[in-house]
Every structure is written in structure tokens, then in C-alpha cells.
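The basis for the numbers below is simple: all heavy atoms, side chains too, and nothing from hydrogens, waters or symmetry mates. Just so we're clear, the structure is a prediction, and the values are computed from it rather than from any experiment. Numbers for residues simply follow the sequence, beginning at 1.
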Amino acid sequence: MTEQHRGTRPRGGTGRRRKPPARRRRRAAILLSGAATALVLAGAGLGYVYLRLDGNLQGVDINAQLGADRPKNLDNGSTDILVLGSDSRSGDNGTYGRDEGGARSDTAMVVHVHEGHKKASVVSIPRDTLVDRPACTDARGAEVPAETRAMFNTAYQVGGPACAVKTVEAMSGIRMDHYIEVDFTGFKKIVDTLGGVEITTTKAIEDPKSGLHLAPGTHTLDGERSLALVRTRKSVGDGSDLGRIQLQQAFVKALVAQVKDLGIGTSPKKLLDLADAATKAVTPDSELDSVQELMGFAQGLTGISAGNVRMVTLPVEYDAADPNRVVPVEAKARQVWTALKADRDVPAAATADTATGRADGIVR
């Protein structure tokens, strides 16, 4: 995963902005709000907290790069966010290997918060999915040509965040309201500052590549082992990226549940440390790159618990020409995107009888 002078920023689309969420962004804002409250009660200066955390945030202006050629903003009270984990090996992430032609999106989730902000649907997009990638413009203004049967994660590699967003919008027909990127090192720091995340394994996991060795049972994973878990692939299920996605989904639910349990009564220092780690860990779009925007973003999202988050994987099947790749099951994928576009739950039929990775239930 990857770890501009604020002023007037162009806003894409028309009409009232839909209210947002992205669990990782939401967590940072909730933690920040708790930290600020506790510090004010203790007599500390709130201004200092804002300045410190504001300085951590580095945004990317997705709207300016994409322009007007995007799906319509439906303005139906829901919000859609693309959350990417980048596999960049730059900086501290070099511990995990070398970049091979640039960073790619190791993890991709479309987070749909339903109207009323009481529940959310999350669609994981396998990085090995073959898609028709649209032409796009990278951060330097260079044109990136379209490509058929391109791996999904190459969109980020060749065109950065804006190209990844455009690819998802082309696949789904849904406008992404926000973008959140998380890197390896930032992810580890969040987990370590939290004090670890508790998970239960139903089978042993022995993965020499990620370095993860877990016996069956309950474990509190630190940042390094948490990162190893969400990168584990070959030793679970059928050894595909689909099995890794199932581990990632289980871990995210455990992380959300643990953060929800923190509460305002937690040590002010711990809350501030968590907010500091979270704001350093992410790269948001330019509409979420200030403390004020994040706190506003968090309001109305506190009613979403881990039990009200439904996580599915884009319906895919193994590619006939290359079993190491997957392709969308078009009719079922349309069911998924149509449901989210209409702000409805994803029907069970949309994901039935599709490739799964067979790692479901290994982590709880």
C-alpha cells in the first residue's frame, strides 16, 4: 500500500455533493475528533492539533485531472469512494522488494455508503482482472493510451490515481466522489499505534513469501504481521489473488470493529498518536486533505458498524487464455454496479457461482 497549498479547488460535476465515507478516512477523522476533544478538556491548544495533523495530509486533485468526461453525479444521498492500497517500494517500503516498472494498486475497494449512512457495501476489485482500460491523463499532463485486456492494477502504474479512478468509473458507470490511497508503511504504523488487531485463524497459515506463520487460534497482530496477512496469497485457498482478497476483507472488518471500540475515554495521547499515524498513512483526494474536511466527512458515519458493512468481490471467472488472470462475469458484474447505482444492496445472486479463491473463513 502508498503512504498542495490549500486554496480554491475546482470541484467536478454539478449539484450538491453526496455525503462521503471511506472507512480508513472515517477512522482518521473519528480519531482526530476524539483527540481534539480530549486535549481541549485537558487544556491543550486545539490550534496546535489542527496545524500538526493538517500538515500530514497531502492531497491529489482528481477532479482537475479527469475533467468533465465522467459519469453523472446522481445526488441521491449515497457516496462512493475508491480506496487503493499501493504496492510502491519507494522510501521505507523498499523493505518489501523493488518496483518493477512503477507502483501498482495492490488492493482496490469501491466503498459505497448508502443513503442515511447506516450501512455500507464494499466491492473488492481483483488486481489481476483483465479490463478495457480507458485513455487517461497522468499527473504530469501526459496522455496515456487506452488498452484492451489490461490488468486492472496497471491503471495506477501508468497514469496514477486519476487513471485508476477513470478505469473504475468506466467499469462501473458510477462516479467516484472520493479517492483514498494507503501505503505499506502507513498501514503498519496505524496498526502498531492501535496496539495491534485481534483476529482468529481457523487453519494454520504458513507463507514464506510474506513471512507469515500463524497457528490456528486467536492472535493479536502487530503492524508487520498484519501487513504480511493482507499480502498473503500462495498459502491460502487456491493460491490466487481472490483468496488474498478474502483475507483482506476479514482483516478490515476486524480493524473497523477494534477502532469503533476505542471511545473518547481512551488516553488523549493515544488518540492523538492514532490520528497522527492515520493522517500520515493516507493520500486523499483534494476535497479531503484538511482536518476540517475530514471531521465534516466523519459526521453522520458513526452509525456504521462492522456488522453493517457487506463486503463482496467483483464477480469474476478465471481467464480461458491465462489461468493466472480473471475476467468479469459481465452479467453478474452489471448486477453489482446497477445495485450500487440505485443505492440498493448487492443481490446474493450477483456473486453466486463465481470464482472465490476458497479462503473464506480462514480468518475471522
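- Checked by atom type and distance alone, the side chain of Gln248 pairs as donor or acceptor with a backbone atom of Val230 at under 3.5 Å.
- Contacts classified as disulfide bond (SG atoms under 2.5 Å apart) and involving residues 184-230 (residues at least two apart or in different chains) are not found.
- No donor-acceptor contact under 3.5 angstrom links the side chains of Ser124 and Thr313, judged on distance only.
- Side-chain contact annotation: Glu206 with Ser235, donor-acceptor N/O pair under 3.5 Å absent.
- Residues Asn63 and Glu287 have side chains that bring a donor and an acceptor to within less than 3.5 angstrom of each other.
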Task: Verdict with reasoning, Leu221 to Leu214, per side chain to side chain contact (heavy atoms under 4.5 Å, CB included) - done: CA-CA 10 Å; Leu221 303 184; Leu214 293 176; 3.9 Å; yes

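- In this structure, Arg127 fails the cation-pi test against Tyr156, since its NZ or CZ atom is not both closer than 6.0 Å to the six-membered ring centre and inside 45 degrees of the ring normal.
- A distance-only check finds a donor-acceptor pair linking the side chain of Gln246 to the backbone of Ala359 [under 3.5 Å].
- A salt bridge between Lys189 and Asp222 is absent, with no side-chain N of the basic residue lying under 4.0 Å from a carboxylate O of the acidic one.
- When each of Asp285, Val111, Val168 is paired with Met176, the side-chain contact (heavy atoms from CB on, under 4.5 Å) condition holds for Val168 and for no other.
- A donor-acceptor contact closer than 3.5 angstrom is absent between the side chains of His178 and Asp80.
- A salt bridge is defined here as a Lys NZ or Arg NE, NH1 or NH2 lying under 4.0 Å from an Asp or Glu carboxylate O, and Lys209 with Asp207 fails to meet this definition.
- Side chain of Arg310 to main chain of Val346: a donor-acceptor pair is present (N/O by atom type, distance under 3.5 Å, no hydrogens or angles).
- Taking CG of Asp360 as the reference point, atom CG of Leu247 lies at 9.5 Å (rounded to 0.5 Å).
- Taking 4.0 Å as the cut-off between side-chain N and carboxylate O, Asp276 and Lys280 count as a salt-bridged pair.
- Side-chain contact between Asp343 and His112 is present, with at least one heavy-atom pair separated by less than 4.5 Å.
- At least one donor-acceptor pair closer than 3.5 Å links the side chain of Thr201 to the backbone N or O of Gly217.
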